[in-house]
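Data block below; observations after.
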Amino acid sequence: MGGCLSKSKPVEVKVELTLLEKDKEADVMSPNGKASPFSDCRPNGALGHCSDEDAAAAPLRLYKPRDYVEASVCHVKDMENGQMREVDLGSGRALLIKEHGEFSAIGHKCPHYGAPLVKGVLSKGHVRCPWHGACFNIATGDIEDFPGLDSLPTFQVRVEKDKVIIRANKQDLQSQKRSKAMARCSAVINSSTGFSHILIVGSGPAGLVCAETLRQEGFTDRIVMCTMDKYPPYDRPKLSKSLESTAEQLQLRSIDFLQAHDIELLTEKEAVAVDVKTKAVTFQDGSRMEYRKLFIATGSKPKPMNYKGQDVRNVFHLKTPEDANNVARLANNKNAVIVGTSFVGMEVAAALTDKAHSVSIIGIEAVPFRKALGEKVGKAIMKLFEMNRVKFYMLNEVSEMVGHHGQLKEVVLKSGKVLRADVCIIGTGSGPATGFLKQSGVHVDSKGFVPVNKTMQTNIDGVYAGGDIVTFPFPGRSNKKVNIPHWQMAHVHGRVAALGMMGRPTEIKTVPYFWSAMFGKSLRYAGYGEGFDDVVIQGDVDELKFVAFYTRSEEVVAVASMNYDPIVSRVAEVLGSGKTIRKRDVETGDMSWLIDKGSQ
């Protein structure tokens, strides 16, 4: 994951990437082969609040010899330093890595979405996923940067007579993931008791990672996580990409998993007020819970839109699996209208093209994604949609939703244009869900965001916040407070907040990473491009095979790509190490440094 994104002397990009391929820098390493971004924390398994007896009592898996497979996978000279190779052990595959003359073997698939890690980036003791940027320690398999919740299994490697031999547990080969060891709650508390040592409001990635990190780091008191959702934590970004998925299919952690690790989940429990003086949260059902420490991660809510016909049915904001399922059902062979060119709106439009009779998009800008990705990239994506028979009505807004017997039939634009519509999805953006914090004492800015410090603590001692609702000091912009509403960033916030609560403050050391998928094509983005003043594009934008570098004052601050893996993860490595990429470094047109020489 590298160090924080502090300013440093410029380096040539090609030189830096060569170092990434065969890293010979004499960095100060941890025993695991890298300086972890959370190296000031205890290693996993050192249960900070547990006795030795508690740790010893943790259940151990007992295996028999037949549970293992052993195979010779290559000659010792077949691989150079800095190389990765996916190898078959008969009962499954593993990722074999050679770095600094040492071999190691770990799971070959990223536990997040199953990306082949052999196509990722190997650097300084970790491998970074080519799809979404998660990082894993090659010695321990532990996840060190997000997204995702699980770590990788590790396998024994030895060299005999110049042959590299891997010994692996068959079950681990099949699962390709593992959860870190977690402490259990030792406090004797009735579940109806209106007090929790740590209360988490929100069950998205920030809340969930906070709870799991507390247990992983040895917290043995009560943890309660409450959510206004009906379901256990689920993969919300998939809602707009896979409209027919159920909550169970999108599930991140099951009720059984949470119960097994003493993380209490209260569903359909909406917080309506916080009193920091009495340290209590009041819920919509009238109940109240006191806390010792509080983590607020309530996420985003759709921005309201003004139009006539607010009571017309079959108009949706995509908030729940039911919303997504209803949209897919109602759009079948019917006319779908999407209002707004946000990533959510555009992803829904793409998902509906093979179901709906017609798909129309209404946008207030001339080109979708112009502000985030620049005009050239925005136009190329717009062309992709038009080729898939999506019609755009840009520089336009909705005036009225017209219903027949209460159900949507037409969308009237301010231009006077009337669109036939059987279902409408509003994707005009979102804002922080922080209304319940008014008069709480927790500071909320004029836009509704909660400012936090480097450890995610608010202006109130013991009250932390994270995810979409916060502005936080971002090292990549000289610790200016910014809002980055990415799924990946929320994971980081959750971990940092948990460590802060446990008195082991650490700072955010990550590179923001974002992705989108439309018509089977993936867009990847890393960095923080807000306020970019130029875009340097290499490759062919019209063919959607390109890399776009976003620059600000002659410095590369972000990168986006389509069909150029693992370039975004490579650039994330450079930015994450604290190095500066200059505009002139990416203007040459020499793309040789993009070629991955580190895997076979």
Side-chain angles (χ1 to χ4, degrees), residues 49 184-215 219-234 253 255 258-259 261-301 319-320 431-445 448-452 456-470 490 493-494 497-498 500-503:
H49 288 62
R184 296 294 302 268
C185 179
S186 60
V188 181
I189 295 176
N190 187 313
S191 61
S192 63
T193 303
F195 170 78
S196 180
H197 297 87
I198 289 183
L199 177 59
I200 298 170
V201 182
S203 64
L208 182 58
V209 170
C210 180
E212 292 198 16
T213 300
L214 288 165
R215 287 287 183 243
F219 186 79
T220 57
D221 285 329
R222 191 182 190 193
I223 299 172
V224 173
M225 181 166 60
C226 58
T227 175
M228 56 191 297
D229 282 326
K230 288 182 182 179
Y231 308 106
Y234 61 89
R253 292 300 197 208
I255 289 287
L258 297 174
Q259 288 177 345
H261 297 96
D262 293 331
I263 298 168
E264 296 176 54
L265 178 68
L266 305 179
T267 56
E268 298 183 89
K269 199 84 168 171
E270 182 179 358
V272 293
V274 173
D275 186 335
V276 299
K277 290 180 181 177
T278 60
K279 293 191 172 183
V281 174
T282 302
F283 299 97
Q284 193 171 38
D285 61 8
S287 63
R288 189 170 177 269
M289 182 166 284
E290 296 179 2
Y291 60 83
R292 189 168 293 163
K293 291 187 178 175
L294 175 66
F295 182 51
I296 306 166
T298 42
S300 297
K301 63 177 182 179
K319 294 185 291 185
T320 66
T434 54
F436 70 103
L437 293 177
K438 288 179 181 176
Q439 301 169 346
S440 68
V442 176
H443 180 60
V444 178
D445 71 16
F449 295 111
V450 178
V452 295
M456 310 309 294
Q457 188 167 243
T458 68
N459 62 307
I460 303 296
D461 188 46
V463 177
Y464 295 75
D468 292 5
I469 67 169
V470 302
H493 289 174
M501 288 176 175
M502 294 185 72

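Quick note: residue numbers are just sequence positions, from 1. Everything numeric in this text was worked out from a predicted model, so none of it was measured.
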Can you see which heavy atom on [X] is nearest to which on [Y], and at what distance?
X      : Y      : value
Gln457 : Gly462 : OE1-N, 2.8 Å
Ile255 : Pro232 : CG1-CG, 3.6 Å
Gly466 : Ala206 : C-CB, 4.3 Å
Gly467 : His493 : N-ND1, 2.8 Å
Asn459 : Gly441 : ND2-O, 3.0 Å
Thr298 : Ala433 : OG1-O, 2.8 Å

So, do [X] and [Y] sit near enough that their side-chain heavy atoms are less than 4.5 Å apart?
X      : Y      : value
Met289 : Cys226 : no
Leu437 : Val450 : yes
Pro233 : Thr227 : no
Leu208 : Met225 : yes
Leu214 : Met502 : yes
His261 : Arg253 : no
Lys269 : Asp285 : yes
Lys230 : Glu268 : yes

Within a radius of less than 6.0 Å around CE of Met228, do more than 12 heavy atoms belonging to other residues, nucleotides or ligands occur?
no
[atom1]-[atom2] distance between [X] and [Y], expressed to the nearest 0.5 angstrom:
X      : Y      : atom1 : atom2 : answer
Thr282 : Glu270 : OG1   : CD    : 12.5 Å
Tyr234 : Thr320 : OH    : OG1   : 6.0 Å
Thr267 : Leu265 : OG1   : CG    : 6.0 Å
Thr193 : Glu290 : OG1   : CD    : 11.0 Å
Ile296 : Tyr464 : CD1   : OH    : 12.5 Å
Leu294 : Ile198 : CG    : CD1   : 10.0 Å

Residues two or more places apart in sequence or in another chain: which of them pass side-chain contact (heavy atoms from CB on, under 4.5 Å) with [X]?
X      : value
Val276 : Val274, Tyr291, Val442, Ile460, Val463
Ala271 : Val201, Val281, Phe283, Phe436
Ala187 : Cys185, Ile189, His197, Asp221

Output all residues satisfying salt bridge (Lys or Arg N to Asp or Glu O under 4.0 Å) with [X], sequence neighbours left out; order by chain, then residue number.
X      : answer
Arg222 : Glu264
Asp275 : none
Lys293 : none

Counting distance only, does the side-chain N/O of Thr434 pair as donor-acceptor with the main-chain N or O of Phe449 below 3.5 Å?
no
